[in-house]
Amino acid sequence: MVERFHLVMGSMHERVERCGVDGEYHRVDHDGNHVRKREMHISLIVNIDFDVISDEDDDVVLALSSTKSTSTLLILYPKSSLASQRHPIQFKAPSLTFSRCDAMQLSLCLSKPAQHLKNPIMAASGSGSIMWFRKGLRIHDNPALDYASKGSDFVYPVFVIDPHYMEPDPKAFSPGSRLAGLNRIRFLLESLVDLDTSLKKLGSRLLILKGEPGQVLIRCLKEWGVKKLCFEYDTDPHYQALDIRVKEYASAAGIEVFSPVSHTLFNPADIIQRNGGKPPLTYQSFLKLAGQPSWASSPLLTSISSLPPVGDVGSCEISEVPTIKDLGYGDIEQEWIPFRGGESEALKRLKESISDKEWVANFEKPKGNPSAFVKPATTVLSPYLKFGCLSSRYFYQCLQDVYKNVQKHTSPPVSLAGQLLWRDFFYTVAFGTPNFDRMEGNKLCKQIPWNDDDELLAAWREARTGYPWIDAIMVQLRKWGWMHHLARHSVACFLTRGDLFLHWERGRDVFERLLIDSDWAINNGNWLWLSCSSFFYQYNRIYSPISFGKKYDPNGDYIRHFLPVLKDMPKEYIYEPWTAPPGIQRKAKCIIGRDYPKPVVYHDSASKECKRKLAEAYALNQKLNGQLSQEDLDNLRRKLEQDEDIEPKIRRQRQKVGHLT
DNA sequence: GGCTTAGTTGTCGGT
DNA sequence: CACCGACAACTAAGC
């Protein structure tokens, strides 16, 4: 079913420099009649011939190839499909093969976009612009902000506070909102204050609005009569859905939309397209495809001397950046957290990190010490990258400068620059994989019959597994919102394939809420990795909850700091306090089972069980080619439990889950 | 299609 | 302390 159509359309792609008209398309139906289909408000005008591959009911999936020699691919979904998650549809286009579509995503990849950018229908004509901040909370290397200020008499720098993200949720297991722990909310507020301060120095200010961001933005567009709307492109499903709404409105209202890719080093859509429509699934293949960033050797715009003034805000209610208290959080006692939000802090931290050129040149991620907490073994720039307080591209260029001036340096994947590339790797795979954040319906994810055990999950989440190394990490997560990468590995492995055999999505949820650097693509990618659900499959390699920490920190100082109940436990027992003789426990003022819990599982038997289950699950996945139904999973789960009963000596003895006060 | 190779970060017990 | 092999054996990519 391939028909020929003509489409007037455009894109929101980063390289689109002019936009602002409604697009619509019509098709010829089977009887040869021209049928006008829904209006799509799309920006730049491009003439492209395209083939309709699937057009059922209201849903539209289009595969396009341009009339010119460049290959072009567009996947479009109308509004109606955005609400419901749909299964991926696979199809083949005449000129290229691709197998991705995500109901939440609209992507246009132009291999030579410049050719399509001629003859803009509508140019910006001065007047006002909105700079919509979401991530990208910075002045340096901010192309959206730069574009907003060009040729505008007024610029409205806006941040919308979404109550869902910010307001206290009394039912949550720790202080914070439903979606974010208090640490990250605080970090965000600090970042906003810093951004406001910087904007004021440039003759502007940050306008804080409250409400559902889409509605609020559309109201601003209506009220302020701006000609341009500028914001950083975002691949996260949440923003994909939000941005389509806002772009549709803006385009319908004749407002130019400029939405550049500046959060990552590369444009994920470009890389996916270069790989024939599929995201690369290994780091090495990603590196090959990615090559050098296009901007690698040209200087980024890292400073702005002034900004146009803020225009009349009409009846829109503008407030200052709220405090934690303003948001409804009482006085919550909190350990001093070593990480303050904001661009200034990010640049300061960056400068400190790269000032030690030897350290930068010799950095090898896997060799870092996860138990270092007074002075962490990594840069701790991740939360700044997450909110865009720091530009990953600027960071990358700074690293290249250091590398140029030293004799030898480490390389990806272990080098510092390699870490930024990991970030882009996960952004790319996540963008190109429907249901990336779930096991079900995720083609990359092994279907594994994880156990469901609320008691064990709570023990893990609340730092009472009885394994001090694991619990100390979980305390650091809750108190600081940050732990070393390898510490994250330890607890993620423990929760899933190593010991508890609980679903990685449960752990993902906890990390997503509590980490100050939690990032949708990276967090999900790493949980897929650590649970051996995707990317990494060597399920025999299990982090020991005892010896892994011990090899870095034999004295247990990390444990003593985050679990003060164990501070007087002799180092011989601190990783396995249940083995300490009663006299020692008394002397340390820590009776196991009373002051600190007994282990919730025995690691030796639990990890053997996990390996056995993974082996069986892998075999079934292979047999059924990854297509496991819910029934298949249930059957496997039953079988695994039966086998467990047949071998009672292997069956782990579950301890009563203790409570740590 | 079959085969080889490589894969950011395991543990344990050796040298 | 650095490195090695055994353990048991996975997948994606590339030829």
Side-chain angles (χ1 to χ4, degrees), chain A residues 99 271 274-276 278-290 362-372 376-379 382 409-426 428-429 432-433 442-448 467 469-470 473 483-494 496-499 522 525-554 575-576 603-626:
Chain A
S99 62
I271 297 198
R274 251 180 272 161
N275 197 39
K278 281 190 265 185
L281 297 180
T282 64
Y283 185 76
Q284 295 304 333
S285 60
F286 170 82
L287 287 186
K288 261 184 219 163
L289 280 165
N362 295 320
F363 183 91
E364 283 182 72
K365 187 66 164 281
K367 293 200 176 155
N369 179 353
S371 69
T378 55
T379 62
S382 56
H409 59 85
T410 54
S411 298
V414 297
S415 63
L416 263 183
Q419 307 313 303
L420 288 174
L421 290 156
W422 275 107
R423 179 173 176 269
D424 264 55
F425 169 72
F426 283 123
T428 304
V429 188
T433 307
N442 179 349
K443 292 194 75 164
L444 300 186
C445 183
K446 293 272 183 209
Q447 304 297 305
I448 294 166
Y467 287 92
W469 170 246
I470 299 299
I473 294 166
M483 330 80 104
H484 186 274
H485 186 66
L486 292 176
R488 300 180 194 203
H489 279 213
S490 289
V491 295
C493 179
F494 186 87
T496 57
R497 66 183 171 85
D499 291 84
I522 301 170
N526 277 306
W527 276 97
L528 284 162
W529 186 297
L530 263 298
S531 63
C532 280
S533 296
S534 194
F535 308 115
F536 175 83
Y537 307 95
Q538 289 179 281
Y539 54 78
N540 290 308
R541 296 185 185 175
I542 291 173
Y543 291 88
S544 164
I546 297 152
S547 51
F548 185 73
K550 203 186 273 181
K551 79 179 170 198
Y552 296 100
D553 179 16
Y575 284 89
E576 301 165 271
H603 173 65
D604 281 353
S605 50
S607 59
K608 279 199 186 89
E609 275 292 285
C610 285
K611 284 185 219 177
R612 184 178 66 82
K613 289 173 177 171
L614 258 302
E616 294 225 26
Y618 268 39
L620 190 63
N621 272 264
Q622 193 164 51
K623 189 176 151 203
L624 301 178
N625 205 16

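A salt bridge links Glu609(A) to Arg612(A): at least one charged side-chain nitrogen sits closer than 4.0 Å to a carboxylate oxygen.
In this structure, dA6(C) forms a base pair with dT11(B), meeting either the Watson-Crick or the G-U wobble geometry with both donor-acceptor distances under 3.5 Å. Base pairing analysis places dA6(B) opposite dT11(C); the two distances defining the Watson-Crick or G-U wobble pair are each below 3.5 Å.
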Fill in: Full working for side-chain contact (heavy atoms from CB on, under 4.5 Å) between Asn369(A) and His484(A)
CA-CA 8 Å; Asn369(A) 179 353; His484(A) 186 274; over 6 Å; no
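With rounding to whole Å, Leu614(A) atom CG is found 12 Å from dC10(C) atom P. Across the protein-nucleic acid pair, Phe536(A) atom CZ and dT9(B) atom C1' stand 9 Å apart, rounded to whole Å. The separation between Lys551(A) atom NZ and dG10(B) atom P is 7 Å, rounded to whole Å. The distance from atom CH2 of Trp529(A) to atom P of dG7(B) is 11 Å, rounded to the nearest whole Å.
dT9(B) and dC1(C) are spaced 23 Å apart, taking the P atom of each and rounding to whole Å.
In this structure, of dG10(B), dT11(C), dG7(B), it is dG7(B) that holds the atom nearest to the side chain of Gln284(A).
Of the options Trp422(A), Tyr537(A), Tyr539(A), a ring pair (Phe, Tyr, Trp, His ring centres under 6.0 Å) to Trp529(A) is made by Trp422(A) and by none of the others.
Taking the centre of each ring, Phe425(A) and Phe535(A) come in below the 6.0 Å mark.
Here Tyr283(A) does not pack flat against the base of dT8(B), since the 5.5 angstrom centre distance and 30 degree tilt limits are not both met.
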